*Asks:* 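Okay, here's the structure, questions in a sec.
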Amino acid sequence: MEHKNIDHILELSNELRWQIGDDFHDNLTEGIYADAAQIVSDSVQVDTSKKRFRLDRQIDKIVTSKTFGFPIMFLILATVLWLTIVGANYPSSLLAQLLLDTIHPLLKSGAAAISMPWWLDGFLIDGVYLAVAWVIAVMLPPMAIFFPMFTLLEDFGYLPRIAFNLDSLFKKAGAHGKQALTMSMGFGCNAAGVVATRIIDSPRERLIAIITNNFSLCNGRWPTQILIATIFIGAVAPSSFSSLASLLAVIGIAVLGMFFMFTTSWALSKTVLKGQVSTFNLELPPYRPPRFWKTIYTSLIDRTMIVLWRAIVFAAPAGAAIWLISNIHIGNESIAAWAIDALDGFGFLLGLNGVILLAYIVAIPANEIVIPTILMLTVLVTGLDAGAGAGVMFELDSANATGAILRAGGWTLLTAINLMLFSLLHNPCSTTIYTIYKETKSIKWTVFASVMPVILGFIVTFLVAQIWRIVF
Amino acid sequence: MNSYNPIQALLLFLLIAGILYVLLRPTKGWFWIIKNNFKSNEKVIIEDILKQLYHFENSGNKIDTKTLVQVLKFSNHHIIEVLKKMTINDLIYFESDVLKLTEAGRDYALRIVRVHRLWERYLADKTGFSKEEWHDRAEMMEHRLSHDETNMLAARLGNPKFDPHGDPIPTHTGKMAEVSGMELPLLPVNAIGRITHIEDEPEIIYKQILAENIHIGSIIRVIENNATRITFQSEGEEFRLAPIVAANLTVALLEEKVVLEENIARLSSLKEDETAKIIGISRESRGESRRRLLDLGFVKGATIKIDLMNPLGEPNAYLIKGTSIALRHDQAAKILIKKE
């Protein structure tokens with residue numbers, strides 16, 4: 001009996017739905033807005049002078065004008081990046097001095113004093129502690145500079161104007177103008193860039209922005225690019241132009257990253273993502289004076305600390321792994337040596353070598369520790385007299401000395417160029433991968449976003465290596 | 001590495017890339033073709049035959065075996081085989097050499113049509129697939145959904161009356177809304193009507209209609225109608241079509257009382273410093289996009305003007321209800337306004 005009633009009601013509701021017609025939702029919204037407008041006109045008094053709004057319009061006219069819009073945009077982005085990269089050097093070296101040069105030896109001598117077994121001391125202090133300290137020293141300063149500046153721009157209201165200016169470029173690639181912002185955020189940190197894609201409310205465009213964020217060179221990769229470009233590319237150019245040449249090479253890599261970002265976005269929107277819902281709208285909020293201290297505080301807590309914490313969590317086991325593979329021996333060789341030997345052939349095909357590939361495998365947690373790991377492994381396999389022993393990552397103060405070690409490890413100009421390319425085109429760091437999973441809640445897209453750039457990197461470095469060898 | 005040679009390596013790579021391309025390229029790759037061929041089993045053939053007969057009978061045409069074989073893409077002996085079975089199962093019968101649907105056959109056909117149109121509606125409202133793809137995807141889906149799944153889909157979509165092209169969707173009891181109107185070329189000059197249906201077959205003609213940006217639900221006025229072309233005005237723009245293309249548009253005549261407001265236009269035609277009132281959102285704007293526009297305040301009667309012109313041409317920012325919202329050109333084309 002009860003069942004019959006429900007059926008009857010359902011039948012009736014279906015019948016009524018037919019009668020209401022398709023415009024039902026439109027009419028409802030219209031009605032709500034009409035009521036709201038009535039309430040507003042009854043209860044809100046509007047100040048007719050509207051002076052502040054005029055100022056808004058003046059700023060908007062300038063930052064979105066054909067003449068000034070784009071120069072202003074590039075100037076601001078370049079300034080932010082320059083301040084980050086150059087400004088981070090000083091606090092970074094201070095932190096490195098404190099954590100790596102002062103506390104690390106202290107810990108070592110402390111361990112020796114309580115006669116800790118060598119393996120425990122190596123595992124904990126040379127492995128885990130060193131990796132964590134390294135990540136903090138290299139990662140914290142740039143993020144602490146970049147994120148507050150970016151958040152200030154966001155708070156002021158300028159960022160949506162960038163999205164507005166650039167949208168038609170991104171539309172051609174099947175993406176959303178706001179991807180310009182998440183891409184810029186990726187220059188600071190890809191994990192933060194992925195989180196920032198929350199501002200894109202269209203599912204398809206958001207996935208595109210997440211998957212392609214890795215093509216923005218992040219803070220962990222800028223130093224690698226600059227170091228390798230200085231050592232190898234600067235050396236090829238005449239000495240008066242060497243710093244200009246290496247600078248151009250690094251910018252070239254960053255621009256190449258944007259090129260890959262656009263092409264992959266386009267390809268994704270035309271193939272695997274074409275069924276995802278796509279909408280567009282972009283609100284241009286009024287400008288407002290940024291709340292300086294609040295912004296600094298929240299950007300430090302919300303962005304910097306969260307990302308740093310995740311990086312540390314992932315770096316600790318990586319440090320342990322790096323130490324273990326260099327110190328556990330199978331037969332008469334360490335695991336690292338075996339692995340390098342096994343990867344050498346494939347590495348050669350890509351114009352790289354086994355050391356680089358192994359370094360990228362164990363240093364998945366953080367791009368910051370790739371170069372120290374490469375140096376340590378190179379010393380390990382070549383038997384050079386440098387560094388601090390098996391499994392202990394190190395970096396040298398002078399670029400020349402670093403170059404000498406790398407050349408002794410068999411590096412050529414091709415190796416350097418392909419390393420720079422591979423540093424741009426490889427899997428995201430584990431912090432980013434984890435963040436992608438948290439944001440998409442999909443194993444499929446996480447795997448795709450992790451594997452696709454590596455395959456692209458293999459293809460690009462392979463092609464460059466073959467063509468290079470044919471030409472030279 | 002003794003046998004390594006960069007040229008060989010490069011050639012080997014190109015060879016592998018070439019093979020992968022041939023196998024896996026979208027739709028024309030061998031992998032997909034083979035995969036699809038596996039699926040064209042007896043059920044698919046039966047259902048396609050039923051659908052064809054249904055459409056032929058509905059348009060008052062007669063069809064014999066010869067025509068049927070030409071229309072369908074399956075091999076001849078397959079079709080003949082299946083036709084025999086269908087006669088035995090009492091889905092079709094022959095009247096001399098003309099094929100006819102039985103009552104059961106007609107019910108079955110109606111169910112296929114229902115799934116097809118529901119699925120097109122689903123693709124339009126809930127996914128981002130482009131219009132060109134709707135038909136082919138629905139063609140595949142109509143053979144896969146079971147009776148219960150179809151009803152669940154219909155419930156989720158709110159039991160819609162029409163598919164996105166304006167074709168009526170049969171209910172599970174077989175009830176169907178009426179479509180009024182006639183083909184556009186039959187309309188006299190100066191007639192005013194509303195586009196109620198855009199036929200999506202054949203694909204070549206449908207693509208031309210899409211390229212013209214003609215929207216379903218738009219009110220049109222015929223300006224010129226002769227053997228070589230049909231010109232009509234709609235939403236402030238003028239459209240010129242060849243009669244064969246125009247025949248794919250169905251237009252319902254409006255009663256004479258309704259006066260066409262001459263200054264209705266699309267928002268995309270609004271110029272800087274002009275103010276307008278919104279008349280409504282075109283039915284071409286669907287699903288999430290439409291809902292979002294409504295939520296942002298793009299409702300009937302709202303005042304709108306351009307806030308900022310984009311340095312690259314689009315999107316322009318519009319001032320609506322005191323907020324500046326940027327819309328792309330194709331979105332703005334689906335919002336109807338009356339200039340002041």
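Proteins come first, then strands; the chains are lettered A, B, ... in the order of their sequence lines, and each starts at number 1. None of the values given here were measured: they were computed from a predicted structure.
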*Asks:* So what's closer than 4.5 Å to chain B heavy atoms on Gln276(A): side chain, backbone, both or neither?
*Replies:* backbone
*Asks:* Can you confirm whether Lys131(B) is buried at NZ, in the sense that more than 12 heavy atoms of other residues, nucleotides or ligands lie under 6.0 Å from that atom?
*Replies:* yes
*Asks:* Where do Leu312(B) and Phe70(A) come nearest, in terms of heavy atoms and distance?
*Replies:* CG-CZ, 3.7 Å
*Asks:* State whether the number of non-hydrogen atoms from other residues, nucleotides or ligands found under 6.0 Å of His215(B) atom NE2 is greater than 12.
*Replies:*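 Result for NE2/His215(B): enclosed.
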*Asks:* Chain A heavy atoms under 4.5 Å from Arg328(B): which part of the residue, side chain, backbone, both or neither?
*Replies:*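 When you check distances to chain A, atoms from both the backbone and side chain of Arg328(B) fall under 4.5 Å.
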*Asks:* Has Phe156(A) got more than 12 heavy atoms of other residues, nucleotides or ligands less than 6.0 Å from its CZ?
*Replies:*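 Counting neighbours around CZ of Phe156(A), more than 12 heavy atoms of other residues, nucleotides or ligands fall under 6.0 Å, so yes.
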*Asks:* Which bit of Lys126(B) comes within less than 4.5 Å of chain A, counting heavy atoms only: side chain, backbone, both or neither?
*Replies:*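 For Lys126(B), the backbone is the part near chain A, not the side chain.
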*Asks:* Determine whether more than 12 heavy atoms belonging to other residues, nucleotides or ligands lie under 6.0 Å from atom NZ of Lys321(B).
*Replies:* yes
*Asks:* Any chance you could lay out the salt bridge (Lys or Arg N to Asp or Glu O under 4.0 Å) test for Lys61(A) and Glu272(B), step after step, and finish with the verdict?
*Replies:* CA-CA 13 Å; Lys61(A) 285 269 181 228; Glu272(B) 219 174 351; 3.6 Å; yes
*Asks:* Do the non-hydrogen side-chain atoms of Arg57(A) and Asp307(B) ever get within less than 4.5 Å of each other?
*Replies:* yes
*Asks:* Quick check on the interface: out of Thr271(A), Val40(A), Asp344(A), Asp201(A), who has the most heavy-atom pairs with chain B under 4.5 Å?
*Replies:* Asp201(A)
*Asks:* Which bit of Lys270(A) comes within less than 4.5 Å of chain B, counting heavy atoms only: side chain, backbone, both or neither?
*Replies:*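 The answer is neither part of Lys270(A).
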*Asks:* Return the CG to CD distance between Leu11(B) and Gln466(A), rounded to the nearest 0.5 Å.
*Replies:*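 Here the interatomic distance stands at 10.5 Å.
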*Asks:* With only heavy atoms counted, which part of Leu296(B) is less than 4.5 Å from chain A, the side chain, the backbone, both or neither?
*Replies:* both
*Asks:* Using a cut-off of under 4.5 Å on heavy-atom pairs, state which of Pro315(B), Ser289(B), Ala9(B) scores highest against chain A.
*Replies:* Pro315(B)
*Asks:* Atom CG of Leu284(A) and atom CD1 of Ile325(B): how far apart are they, to the nearest 0.5 Å?
*Replies:* 8.0 Å
*Asks:* What residue, out of Asp60(A), Ile32(A), Leu273(A), has the most heavy-atom pairs lying under 4.5 Å from chain B?
*Replies:*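 Max contact count across the listed options: Asp60(A).
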*Asks:* Do you know which two heavy atoms are closest between Ile470(A) and Pro6(B), and how far apart they sit?
*Replies:*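 Closest approach of Ile470(A) to Pro6(B): CG1-CB, 3.8 Å.
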*Asks:* So which part of Ser168(A) gets closer than 4.5 Å to some heavy atom of chain B, the side chain, the backbone, both or neither?
*Replies:*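 For Ser168(A), backbone and side chain are both near chain B.
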*Asks:* So which of Ala302(B), Ser130(B), Gly297(B) has the largest heavy-atom pair count under 4.5 angstrom toward chain A?
*Replies:*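 Answer, by heavy-atom pair count under 4.5 Å with chain A: Gly297(B).
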*Asks:* Verify the neighbour count for atom CZ of Arg291(B): are there more than 12 heavy atoms of other residues, nucleotides or ligands below 6.0 Å?
*Replies:*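 Check fails, neighbour count at 12 or below.
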*Asks:* Could you walk me through whether Phe13(B) and Ile459(A) pass the side chain to side chain contact (heavy atoms under 4.5 Å, CB included) check?
*Replies:* CA-CA 9 Å; Phe13(B) 172 82; Ile459(A) 294 174; 3.7 Å; yes
*Asks:* CG of Leu14(B) to CG of Leu463(A): how many Å apart, nearest 0.5 Å?
*Replies:*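 If we round to the nearest 0.5 Å, Leu14(B):CG and Leu463(A):CG are 7.5 Å apart.
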*Asks:* Does any backbone or side-chain atom of Gln331(B) lie under 4.5 Å from a heavy atom of chain A? Answer side chain, backbone, both or neither.
*Replies:*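 For Gln331(B), the side chain is the part near chain A, not the backbone.
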*Asks:* More than 12 heavy atoms of other residues, nucleotides or ligands under 6.0 Å from CH2 of Trp266(A): is that the case?
*Replies:* no
*Asks:* Taking side chain as everything from C-beta outward and backbone as N, CA, C, O, which of these in Ser65(A) sits under 4.5 Å from a heavy atom of chain B? Side chain, backbone, both or neither.
*Replies:* backbone
*Asks:* Drop me the distance from Phe164(A)'s CZ to Met309(B)'s CE, to the nearest 0.5 angstrom.
*Replies:*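 Spacing of CZ (Phe164(A)) from CE (Met309(B)) equals 9.0 Å.
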*Asks:* If you count heavy-atom pairs within less than 4.5 Å of chain A, which of Thr127(B), Leu10(B), Leu294(B) leads?
*Replies:*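 Greatest number of close heavy-atom pairs with chain A: Leu294(B).
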